[in-house]
Asker: 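Okay, here's the structure, questions in a sec.
If you're wondering where the values come from, they're calculated on a predicted model, not measured in any experiment.
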Amino acid sequence: MAEGHSPSIVTSHTPPISAVDAWPALPLDAWKDTYATLHMWMQIVGKTRLALAPAENHGWHVALHPTARGLVAPGMAVGARLLDIEFDFIDHRLIARTSDGARRDLLLRAMPVADFYREYRALLGELGVVARFHGRPNEVVEAIPFAEDVGHAAYDPDAAQRCWRIIAQGARVLRTFRSRFVGKCSPAHFWWGGFDLSCTRFSGRPAPRHPGGFPNLPDHVTREAYSHEVASAGFWPGNDAFPHAAFYAYAYPEPAGCPAAAIRPRAASYHLDLREWVLPYEAVRTAADPDHTLLEFLQSTYDVAADLGKWDRGTLER
């Protein structure tokens with residue numbers, strides 16, 4: 001660098017990470033309206049990836065991925081161009097970028113899903129992107145067409161950022177857990193249909209035909225997702241039937257003995273209605289060592305699933 005010249009610096013007004021709560025509180029009642037709206041917005045962006053990305057096993061091509069600022073639908077092909085679409089939960093914008101340098105932004109704010117959908121379609125049009133997809137949400141009981149949904153219109157920026165920070169931290173720990181496995185394993189990625197973060201290990205054996213039955217989701221999609229034996233874990237903010245954010249784990253097919261098996265930490269349990277192990281998010285957030293607490297849950301539930309399922313652990317693990 002020549003003397004007397006300084007590098008270009010872009011100043012951020014975002015507080016340093018030491019000033020940010022890495023594991024923030026997220027009580028469902030405090031943000032359920034924003035949650036419902038954000039769920040629909042993410043489905044719209046996720047369906048764009050479904051339309052543009054080539055199919056991958058188990059539907060991995062449709063998932064969103066955590067970033068340092070939010071969640072992204074990465075690397076979608078538009079002819080010879082690449083397209084990223086990112087929810088930025090620090091500046092609260094939806095940012096679409098193409099590999100030829102074009103960029104369009106949409107301000108995330110309180111507005112009906114129908115308005116978001118219209119503005120989003122216009123944004124894609126300005127970038128020359130044509131994405132044809134079904135205009136209704138999946139995996140929800142009441143699948144209101146996006147263009148007609150004026151009931152979901154809330155957006156609390158603080159709550160949205162809190163949710164993303166939990167997803168980002170959960171993904172970070174899941175990646176550590178994933179590194180212990182040398183068999184087939186998914187990334188730590190976010191499913192916009194169920195609004196959950198997950199990472200899935202595979203035994204390598206085919207699974208029994210899944211019965212399907214998820215609301216507004218074709219059974220063939222579910223059967224592709226569960227075509228092979230899995231042990232899966234992740235994070236979910238909860239819903240009206242289970243009104244608590246939680247980390248979860250399950251096996252498909254579930255081997256006999258899972259509900260009664262001992263797991264760790266003490267706050268974790270088997271939920272008979274969900275057919276999953278659950279660890280309340282609050283137990284992780286308030287733990288002296290949240291990473292250790294979560295890893296203990298991930299490892300102990302996998303141990304049970306793999307042992308009862310008679311996985312070839314010597315071959316699959318480091």
Side-chain angles (χ1 to χ4, degrees), residues 28 32 35-51 53 55-65 71 73 113 117 133-146 148-149 151-152 163 167 170 174 185-203 206-255 258-259 270-278 301 305 309:
L28 181 62
K32 64 190 305 183
Y35 177 9
T37 302
L38 191 57
H39 191 184
M40 295 302 99
W41 293 356
M42 287 190 176
Q43 292 228 8
I44 292 167
V45 173
K47 283 173 176 280
T48 307
R49 193 164 192 227
L50 174 63
E56 297 179 24
N57 52 190
H58 317 296
W60 293 354
H61 61 294
V62 309
L64 306 183
H65 293 262
L71 291 163
V113 169
Y117 185 63
F133 56 81
H134 186 54
R136 293 176 181 264
N138 298 110
E139 297 186 60
V140 293
V141 175
E142 189 178 8
I144 304 169
F146 300 128
E148 301 172 15
D149 187 350
H152 297 115
C163 180
I167 291 168
L174 281 168
C185 188
S186 80
H189 48 194
F190 182 84
W191 297 102
W192 43 265
F195 205 94
D196 66 297
L197 172 74
S198 78
C199 182
T200 303
R201 294 177 171 187
F202 291 77
S203 74
R209 181 181 173 90
H210 197 284
F214 289 95
N216 289 295
L217 185 69
D219 287 345
H220 72 83
V221 175
T222 306
R223 288 171 182 148
E224 164 61 20
Y226 293 103
S227 61
H228 288 70
E229 292 181 348
V230 301
S232 190
F235 170 79
W236 180 52
N239 62 11
D240 288 338
F242 185 84
H244 311 284
F247 288 94
Y248 67 84
Y250 65 88
Y252 180 79
E254 182 184 286
C258 285
Y270 186 90
H271 195 288
L272 288 171
D273 292 336
L274 296 176
R275 304 295 300 177
E276 296 177 357
W277 293 289
V278 294
T301 52

Asker: Short question: side chain of Arg49, backbone of Ala63 - any donor-acceptor pair under 3.5 Å?
Answerer: yes

Asker: If you compare all heavy atoms of Pro255 against all heavy atoms of Cys258, which two are closest, and at what distance to 0.1 Å?
Answerer: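 Closest approach of Pro255 to Cys258, heavy atoms only: O-SG, 3.4 Å.
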
Asker: If we only count heavy atoms from C-beta on, is the Glu229 to Pro206 side-chain gap below 4.5 Å?
Answerer: no

Asker: Mind telling me whether Phe242 and Trp236 have parallel, tilted or perpendicular rings, with 30° and 60° as the class edges?
Answerer: parallel

Asker: To the nearest 0.5 angstrom, please state how far the NE2 atom of His189 sits from the CG atom of Asp196.
Answerer: 9.0 Å

Asker: Looking at side-chain heavy atoms only, is the closest gap between His134 and Leu50 below 4.5 Å?
Answerer: no

Asker: Would you indicate whether the side-chain heavy atoms of His228 and Ser203 approach each other to under 4.5 Å?
Answerer: no

Asker: Any side-chain heavy atom of Asp149 sitting closer than 4.5 Å to one from Met40?
Answerer: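 A side-chain contact under 4.5 Å exists here.
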
Asker: Minimum heavy-atom separation for His271 to Leu274, with atom names?
Answerer: ND1-N, 3.1 Å

Asker: Any side-chain to backbone donor/acceptor pair from His244 onto Asn239? Under 3.5 Å, distance only.
Answerer: no

Asker: Is the side chain of Tyr252 donor-acceptor paired with the backbone N or O of Ser232 at a distance under 3.5 Å, no angle test?
Answerer: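 Looks like no, no N/O pair under 3.5 Å.
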
Asker: Could you report the tightest heavy-atom contact between Ala36 and His152, atom names first, then the distance?
Answerer: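 Result for this residue pair: CB-CD2, 3.6 Å.
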
Asker: How are the rings of Phe195 and Phe190 set relative to one another: parallel (under 30°), tilted (30 to 60°) or perpendicular (over 60°)?
Answerer: perpendicular

Asker: Any donor-acceptor pair under 3.5 Å linking the side chain of Asp219 with the backbone of Gly213?
Answerer: yes

Asker: Do the side chains of His39 and Val140 get nearer than 4.5 Å, heavy atoms only?
Answerer: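 Result yes, sub-4.5 Å side-chain heavy-atom pair found.
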
Asker: Ignoring hydrogens and geometry, is there a side-chain-to-backbone donor-acceptor pair from Asn138 to Leu217 under 3.5 Å?
Answerer: no

Asker: With no hydrogens and no angle check, is any side-chain donor or acceptor of Lys47 less than 3.5 Å from a backbone partner on Pro137?
Answerer: no

Asker: Could you tell me whether the side chain of His65 reaches within less than 4.5 Å of the side chain of Pro187, counting heavy atoms only?
Answerer: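 Result yes, sub-4.5 Å side-chain heavy-atom pair found.
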
Asker: Is there a side chain to side chain contact (heavy atoms under 4.5 Å, CB included) between Met42 and Leu71 once you walk through the steps?
Answerer: CA-CA 9 Å; Met42 287 190 176; Leu71 291 163; 3.4 Å; yes

Asker: Where do Gly46 and Leu64 come nearest, in terms of heavy atoms and distance?
Answerer: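 Taking every non-hydrogen atom into account, CA-CD2, 4.4 Å.
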
Asker: Is there a donor-acceptor pair under 3.5 Å between the side chain of Arg201 and the backbone N or O of Cys185?
Answerer: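 Between the backbone of Cys185 and the side chain of Arg201 there is no qualifying donor-acceptor contact (under 3.5 Å).
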
Asker: So, Trp60 and Ser186: side-chain donor and acceptor under 3.5 Å apart, yes or no?
Answerer: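 Not at all, the side chains of Trp60 and Ser186 share no donor-acceptor pair under 3.5 Å.
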
Asker: Measure the shortest side-chain to side-chain distance between Tyr35 and Leu28 over non-hydrogen atoms and say whether it is less than 4.5 angstrom.
Answerer: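 Tyr35 reaches Leu28 side chain to side chain.
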
Asker: Classify the angle between the aromatic ring planes of Tyr250 and Tyr248 as parallel (below 30°), tilted (30 to 60°) or perpendicular (above 60°).
Answerer: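 Answer is parallel, since the angle falls under 30°.
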
Asker: Go through the side-chain N and O atoms of Glu224 and His220 and say whether any donor and acceptor fall under 3.5 Å apart.
Answerer: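 Looking only at side-chain atoms, His220 and Glu224 do not form any donor-acceptor pair under 3.5 Å.
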
Asker: Using the rule given for side chain to side chain contact (heavy atoms under 4.5 Å, CB included), can you reason through Trp192 versus Ile44, listing the C-alpha separation, both sets of side-chain angles and the distance that settles it, and then say yes or no?
Answerer: CA-CA 9 Å; Trp192 43 265; Ile44 292 167; over 6 Å; no

Asker: Regarding Arg209 and Tyr226, is there a side-chain donor-to-acceptor distance under 3.5 Å anywhere?
Answerer: no

Asker: Show the nearest heavy-atom pair for residues Ile167 and Leu197, with the distance to one decimal.
Answerer: O-CD2, 3.5 Å

Asker: Of all the heavy-atom pairs spanning Arg223 and Pro211, show the shortest one and how long it is.
Answerer: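 Shortest heavy-atom contact: NH2-O, 3.6 Å.
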
Asker: For side chain to side chain contact (heavy atoms under 4.5 Å, CB included), just list the numbers for Tyr270 and Glu276, CA-CA rounded to whole Å, side-chain angles, deciding distance to a tenth of an Å, and then say yes or no.
Answerer: CA-CA 6 Å; Tyr270 186 90; Glu276 296 177 357; 5.8 Å; no

Asker: With the side chain counted from C-beta on, respond yes when Glu254 and Pro259 share a heavy-atom pair under 4.5 Å apart, and no when they do not.
Answerer: yes

